Number of protein chains: 2
Amino acid sequence: MGLRERKKRETRQRIADVAMGLFAARGFDDVTVAEVARAADVSVNTVFNYFPAKEDLFLDRRDWAEGRPEEVVRQREPGESVVRAFRRDVLDAIATRSWRYGFNEGSDVFTGMVRESPTLLARVREFHVEREEALAAALARESGAGGDDVTPRVVAAQILGATRALSDYAVRRMLAGEAWSSIEPALKEQTERAFDLLEHGLGG
Amino acid sequence: MGLRERKKRETRQRIADVAMGLFAARGFDDVTVAEVARAADVSVNTVFNYFPAKEDLFLDRRDWAEGRPEEVVRQREPGESVVRAFRRDVLDAIATRSWRYGFNEGSDVFTGMVRESPTLLARVREFHVEREEALAAALARESGAGGDDVTPRVVAAQILGATRALSDYAVRRMLAGEAWSSIEPALKEQTERAFDLLEHGLGG
DNA sequence: CACAAACTTAGAGTCACTGCAATTTTGGTA
DNA sequence: TACCAAAATTGCAGTGACTCTAAGTTTGTG
């Protein structure tokens, strides 16, 4: 890697770090891009050169590649149904306190900041839609369903809807100040319940 | 109703109509608020006085009160499950080509315009979230579930996820130029399939 | 007819974001 | 080492949504 690449990486990282610091201190909406640029010792144009929009300083598009739902589908055990694979993945994420469903320690302050800003909220929802489309596409591929079948989209919406509800549940209790140790068992229980609903239907 | 009230209503309506005309002719993003104001013969400030944001000129918040999912829950027949009520409501909306799930004739051009503009997309997603929250709240009330149960949220996400998938399906075929007569039977079939999934689960 | 409340307006300002042209930095080469 | 072209950075001048404030103007009421 040449000097050029390295410098670019450094600059990008410095801007992102400086921005996150300012956002954490004063909130996303109360920090201007000009301030970020000044603090990072670059011009405003350079900031926009690396990050297409202000939101990307907070929610870097690169970070969202991790924990893609298609991978859960692809890497499931032989004979395992997709829903079972997701149940396992969510439970695993809870046990390991993984970042990918928002079962992290910091995900409450993260969510808190996102909730404050309409811009960030919109971006997060955009990510949700992208994830859902990606999962639906993976399911369609997997099941060989034609383009004329809503099933993959419905299933994708159901699964990711459930995981979102579970994330929200965990975050809500975190924001209420509860310790993880008191949240975890209830969260596991809710997860089982949610996935039972998915598997066996909402007959009642 | 006094003169004041009447004038306000007229002004508001004139602005909205003029705006829709311009948007239809040239696209949402290629029309500035200043142009709308000029065409409606008011100042820019007056536009923002009636409509909090530019998007509201296109997606008037008032129009979205119709077809609220809580009503489907509340007005379901005695002994009918919530899922069955929604199945019935969606099928009814298809039969009557109702606006409330996007089974209208015009909903393809509407969706087409929304898809063109990130701003409008974001707003529509916001409405979806609001609807989901309202349904979840209604379900929680209905079932007497405590605030510590994800079930209402999961169920709400599943139901509205399915209806959204069905809307998208219909709109996609409309945009492909198909006549409603050729879409309707397939749409009914897909609806049955989607709600069967909801009722009996995704075991496979 | 007067007066207060409501409505509208102009004007100035903020901020995200976009071009463009000029300038600097870097990597490779004579 | 000197030089050159490409890439990166910058300043500058916009645009457009939106806000705030202070000043009109219009309307309902006594």
Side-chain angles (χ1 to χ4, degrees), chain A residues 1-16 18-20 22-23 25-61 113-114 116-124 126, chain B residues 1-16 18-20 22-23 25-61 113-114 116-124 126:
Chain A
M1 171 173 48
L3 177 71
R4 189 166 235 145
E5 281 309 300
R6 206 178 66 229
K7 264 203 163 182
K8 272 179 69 170
R9 222 170 276 215
E10 280 172 5
T11 305
R12 189 195 155 88
Q13 195 56 47
R14 188 175 73 249
I15 295 173
V18 160
M20 278 305 295
L22 290 172
F23 294 155
R26 288 164 39 209
F28 181 78
D29 288 323
D30 286 345
V31 175
T32 70
V33 175
E35 284 175 306
V36 172
R38 199 150 32 83
D41 209 44
V42 291
S43 77
V44 174
N45 284 32
T46 302
V47 174
F48 282 113
N49 186 26
Y50 285 105
F51 302 90
K54 187 187 176 189
E55 308 95 84
D56 296 307
L57 288 167
F58 188 84
L59 303 165
D60 199 331
R61 285 190 142 97
M113 291 198 62
V114 170
E116 296 291 310
S117 161
T119 318
L120 292 180
L121 262 178
R123 177 70 103 214
V124 166
E126 203 184 317
Chain B
M1 171 174 46
L3 176 71
R4 187 166 239 147
E5 215 52 34
R6 206 179 65 229
K7 266 204 164 180
K8 272 178 66 170
R9 223 169 275 215
E10 281 172 3
T11 305
R12 188 195 157 89
Q13 194 57 47
R14 189 176 71 250
I15 295 172
V18 159
M20 276 307 292
L22 291 174
F23 293 156
R26 287 164 40 208
F28 181 79
D29 288 323
D30 286 346
V31 175
T32 71
V33 176
E35 283 175 307
V36 173
R38 198 149 35 84
D41 209 43
V42 292
S43 76
V44 174
N45 285 31
T46 303
V47 175
F48 282 115
N49 186 27
Y50 284 105
F51 301 90
K54 187 187 175 190
E55 308 94 84
D56 296 305
L57 289 167
F58 188 85
L59 304 165
D60 199 331
R61 286 191 140 97
M113 291 200 62
V114 170
E116 295 292 309
S117 160
T119 320
L120 292 179
L121 263 177
R123 178 68 104 212
V124 167
E126 202 183 318

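Model, not experiment: these values are computed from the prediction. Every chain is numbered from 1 and lettered A, B, ... according to where its sequence line falls, protein lines coming before strand lines.
Atom CD in A:E10 sits about 16 Å away from atom P in C:dT25, given to the nearest Å. The interatomic distance linking A:R12 (CZ) with D:dT9 (P) rounds to 12 Å, in whole Å. Rounded to an integer number of Å, the gap from A:D41 CG to D:dA8 P is 19 Å. Computed from coordinates, the A:R38 CZ to C:dC15 C1' distance equals 14 Å when rounded to whole Å. Straight-line distance from the NZ atom of B:K54 to the C1' atom of D:dG16: 8 Å, rounded to whole Å. Atom P of nucleotide D:dG16 and atom CD of B:E35 are separated by 8 Å, given to the nearest angstrom. Following rounding to the nearest Å, A:F48 (CZ) and C:dC20 (P) show an atom-to-atom distance of 18 Å. One atom, CZ of A:R6, and another, P of D:dA8, lie 15 Å apart when rounded to the nearest Å.
Regarding contacts with the backbone of C:dC7, every side-chain N or O of B:K7 stays at 4.0 angstrom or more from both OP1 and OP2. Not one side-chain nitrogen or oxygen of A:S43 sits closer than 4.0 Å to the OP1 or OP2 atom of D:dT9. Of the side-chain N and O atoms in A:K8, one or more sit less than 4.0 angstrom from OP1 or OP2 of D:dA8. A sub-4.0 Å separation between OP1 or OP2 of D:dT19 and a side-chain N or O of B:N45 is absent. Residue A:Y50 places no side-chain N or O under 4.0 Å from the OP1 or OP2 atom of D:dA8. For the pair B:T32 and D:dG16, the criterion of a side-chain N or O lying under 4.0 Å from OP1 or OP2 is not met. Look at A:N49 and you'll find a side-chain N or O under 4.0 angstrom from OP1 or OP2 of D:dT9.
With B:K54 contributing its side chain and B:T32 its backbone, the two residues share no donor-acceptor pair below 3.5 Å.
Across all strands, B:V42 comes closer than 4.0 Å only to sugar-phosphate atoms, never to a base (heavy-atom distances). Here B:E5 lies out of heavy-atom contact (under 4.0 Å) with every strand.
Nearest-nucleotide mapping onto DNA chain C: of B:V47 and A:P52, the residue sitting toward the 5' end is B:V47. Positionally, the nearest nucleotide of DNA chain D for B:V31 lies more toward the 5' end than for the other of B:R4 and B:V31.
Side-chain contact between A:E55 and A:S117 is absent, with no heavy atoms from C-beta onward closer than 4.5 Å.
Classification of the B:F58-B:F23 ring pair by plane angle, with boundaries at 30° and 60°, yields tilted.
Each salt bridge (charged side-chain N to carboxylate O under 4.0 Å, His left out) pair with one or both residues in residues 27-47 of chain B, not counting sequence neighbours, appears once here: B:R26-B:E35.
Salt bridge A:K7/A:E10: absent, no basic N to carboxylate O contact under 4.0 Å.
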